[in-house]
Enquirer: 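I have a structure I would like to understand better, so I am pasting it below and will then ask my questions one at a time.
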Amino acid sequence: MSENERKTACVTGGNGFIASALIKMLLEKGYAVNTTVRNPDDMKKNSHFKDLEALGPLKVFRADLDKEGSFDEAVNGCDYAFLVSAPKEMIEAGVQGTLNVIRSCAKAATVKRVILTSSASAIFGRPLQGDGHVLDEESWNELQLKNLKALAASGAVPIVHVDDLCRAEIFLVEKESASGRYICSSLSITVLNLARFVAGRYPEYNVQIDCFEGFPEKAKVCCSSEKLIREGFEYKCTNLDEIFDDLVEYGKALGILPH
Ligand SMILES: NC(=O)c1ccc[n+]([C@@H]2O[C@H](COP(=O)([O-])OP(=O)(O)OC[C@H]3O[C@@H](n4cnc5c(N)ncnc54)[C@H](OP(=O)(O)O)[C@@H]3O)[C@@H](O)[C@H]2O)c1
């Protein structure tokens, strides 16, 4: 690919779980990547950039969601921006931070599309009465809090392999007709069944399933990924074993999970 043809994408929060997988995929596809971290000098969090730099042009910038204008340099000249960094638990800070990055994109005037990675809690609001609910892109969490309790009470946990999520993000950024929200979930499982699955497949981690007693056996809701599929996207991994084996390996490599 010639340098003229090469597109540049900004990925915020380059040391996070999803962002680091996304950067790898973008570089492998021939993109140049600008990424941001709060502290580029933190070698413990940023050591993976060395391997990623071997895959293609990668620049690391310092930026903080709390500071307006902080992302100006990182998005300058970019064709696309993927907003993946997110402060833990704080909705208001997340909203302000997202607006800060979008303002930087508007200022740059080169960014043709912005992809914001949200969360399942954006569609799960109040606990739902009865069964058979389908949540789609029209569903909003009107409570405006990270309502993981509602998600657990509904019985449904939407799941996707991180590689499929990154493939979907790149698919959507490149797809002219794409617009609005997209749910990206290749399968759904109840909280109780997920606990049973993890306990059975990874007995070494001693997962206590009795604390999930009382959670519904059957999901009251399912999340529909129809809009993304209608757009032409195909999931590669719909196998729970594979999704979790890869996740566990990642956790071990990071030192979050014991070997
Ligand atoms: N992981 C999942 O299974 C999953 C599923 C669905 C949706 N999501 C959503 O996807 C997004 C990313 O998830 P993740 O699992 O990749 O998260 P993660 O690994 O915790 O990464 C979050 C990133 O945000 C950065 N960050 C936090 N506060 C910041 C701030 N004030 N300014 C700039 N950067 C900041 C962190 O960078 P520092 O190193 O600088 O702290 C970190 O790199 C989140 O919105 C999450 O809700 C995740």
Side-chain angles (χ1 to χ4, degrees), residues 10-26 33-49 52 60-75 81-104 114-124 135 141 144-148 151-152 156-169 172 181-189 191 194 198 223 225 228 237 240 243-244 246-251 253-257:
C10 177
V11 178
T12 68
N15 51 32
F17 171 56
I18 295 170
S20 43
L22 182 59
I23 294 169
K24 180 168 182 282
M25 207 172 274
L26 284 164
V33 177
N34 290 355
T35 192
T36 67
V37 291
R38 277 185 291 187
N39 181 6
D41 303 323
D42 184 339
M43 288 327 290
K44 207 169 159 218
K45 277 188 174 178
N46 300 330
S47 59
H48 63 300
F49 290 145
L52 291 173
V60 181
F61 295 81
R62 183 189 297 274
D64 192 318
L65 289 168
D66 300 339
K67 296 183 189 143
E68 202 176 331
S70 194
F71 290 82
D72 287 1
E73 207 189 335
V75 299
F82 295 88
L83 278 52
V84 197
S85 56
K88 292 205 190 314
E89 302 303 330
M90 292 172 289
I91 299 285
E92 190 54 34
V95 171
Q96 283 313 319
T98 301
L99 288 173
N100 282 341
V101 190
I102 291 174
R103 282 189 199 108
S104 293
V114 174
I115 303 278
L116 168 66
T117 309
S118 182
S119 148
S121 52
I123 55 168
F124 280 84
L135 298 181
N141 174 357
Q144 297 186 356
L145 46 88
K146 285 200 175 177
N147 204 352
L148 296 176
L151 191 149
V157 183
I159 307 251
V160 67
H161 193 291
V162 67
D163 287 348
D164 269 338
L165 173 62
C166 296
R167 285 179 54 247
E169 296 210 0
L172 290 171
R181 299 167 99 198
Y182 288 87
I183 291 173
C184 183
S185 161
S186 58
L187 57 98
S188 205
I189 184 168
V191 174
L194 183 58
V198 174
C223 295
S225 206
L228 182 59
C237 181
L240 196 61
I243 294 174
F244 273 81
D246 288 353
L247 194 60
V248 166
E249 282 312 310
Y250 178 83
L254 232 57
I256 301 168
L257 289 175

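Just so it is clear, the values below take in all heavy atoms, side chains as well, and ignore hydrogens, waters and symmetry mates. We count ligands from 1, going down the list as the structure has it; atoms in each ligand are counted the same way.
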Enquirer: Start with the C-alpha gap between Ser70 and Asn100, add the side-chain angles, then the distance that decides, and say whether side-chain contact (heavy atoms from CB on, under 4.5 Å) holds.
Expert: CA-CA 8 Å; Ser70 194; Asn100 282 341; over 6 Å; no

Enquirer: Which of the atoms of ligand 1 are close to Lys45, meaning less than 4.0 Å from one of its heavy atoms?
Expert: 38 (P), 39 (O), 41 (O)

Enquirer: So, regarding Ala86 and ligand 1 (criterion: nitrogen or oxygen to nitrogen or oxygen, under 3.5 Å), is there a contact or not?
Expert: yes

Enquirer: As a check for students: among Leu65, Ile18, Thr117, Val37, identify the option with a heavy atom nearest to atom 32 (N) of ligand 1.
Expert: Leu65

Enquirer: Measuring from Leu52:CG to Ile23:CD1, what's the distance to the nearest 0.5 Å?
Expert: 6.0 Å

Enquirer: Which ligand 1 atoms are under 4.0 Å away from a heavy-atom of Asp64?
Expert: 30 (C), 31 (N), 32 (N), 33 (C)

Enquirer: When you compare ligand 1 with Phe71, is there at least one nitrogen or oxygen pair between them that comes in under 3.5 angstrom?
Expert: no

Enquirer: Counting heavy atoms only, which part of Ala120 comes closer than 4.0 Å to ligand 1: side chain, backbone, both or neither?
Expert: neither

Enquirer: Give the atom numbers and elements of ligand 1 that come within less than 4.0 Å of a heavy atom of Val84.
Expert: 11 (C), 12 (C)

Enquirer: Run down the list Gly14, Ala19, Gly94, Gly16 and name the one with the heavy atom closest to atom 21 (O) of ligand 1.
Expert: Gly16

Enquirer: Checking Phe49 now: which residues fulfil ring-ring contact (aromatic ring centres under 6.0 Å, His included) with it, not counting sequence neighbours?
Expert: none

Enquirer: For the NZ atom of Lys44 and the CG atom of Leu254, what is their distance to the nearest 0.5 Å?
Expert: 9.5 Å

Enquirer: Identify, by atom number and element, the atoms of ligand 1 in contact range of Ser119, meaning under 4.0 Å from any of its heavy atoms.
Expert: 7 (C), 47 (O)

Enquirer: Apply side-chain contact (heavy atoms from CB on, under 4.5 Å) to Asn39 and Lys45, showing your working.
Expert: CA-CA 9 Å; Asn39 181 6; Lys45 277 188 174 178; over 6 Å; no

Enquirer: Go through it in stages, so that I can follow the logic: the residues are Val162 and Tyr250, the test is side-chain contact (heavy atoms from CB on, under 4.5 Å), and I'd like the CA-CA distance, side-chain angles, deciding distance and then a yes or no.
Expert: CA-CA 11 Å; Val162 67; Tyr250 178 83; over 6 Å; no

Enquirer: Within a distance under 4.0 Å of any heavy atom of Gly13, pick out the atoms of ligand 1 and give their elements.
Expert: 43 (O)

Enquirer: Would you say Ser118 contacts ligand 1, with heavy atoms under 4.0 Å as the rule?
Expert: yes

Enquirer: Decide side-chain contact (heavy atoms from CB on, under 4.5 Å) for Asp163 and Cys237; before the verdict, give the C-alpha distance in whole Å, the side-chain angles of both, and the deciding distance to 0.1 Å.
Expert: CA-CA 8 Å; Asp163 287 348; Cys237 181; over 6 Å; no

Enquirer: Excluding sequence neighbours, so at least two apart, what forms salt bridge (Lys or Arg N to Asp or Glu O under 4.0 Å) with Asp72?
Expert: Lys107

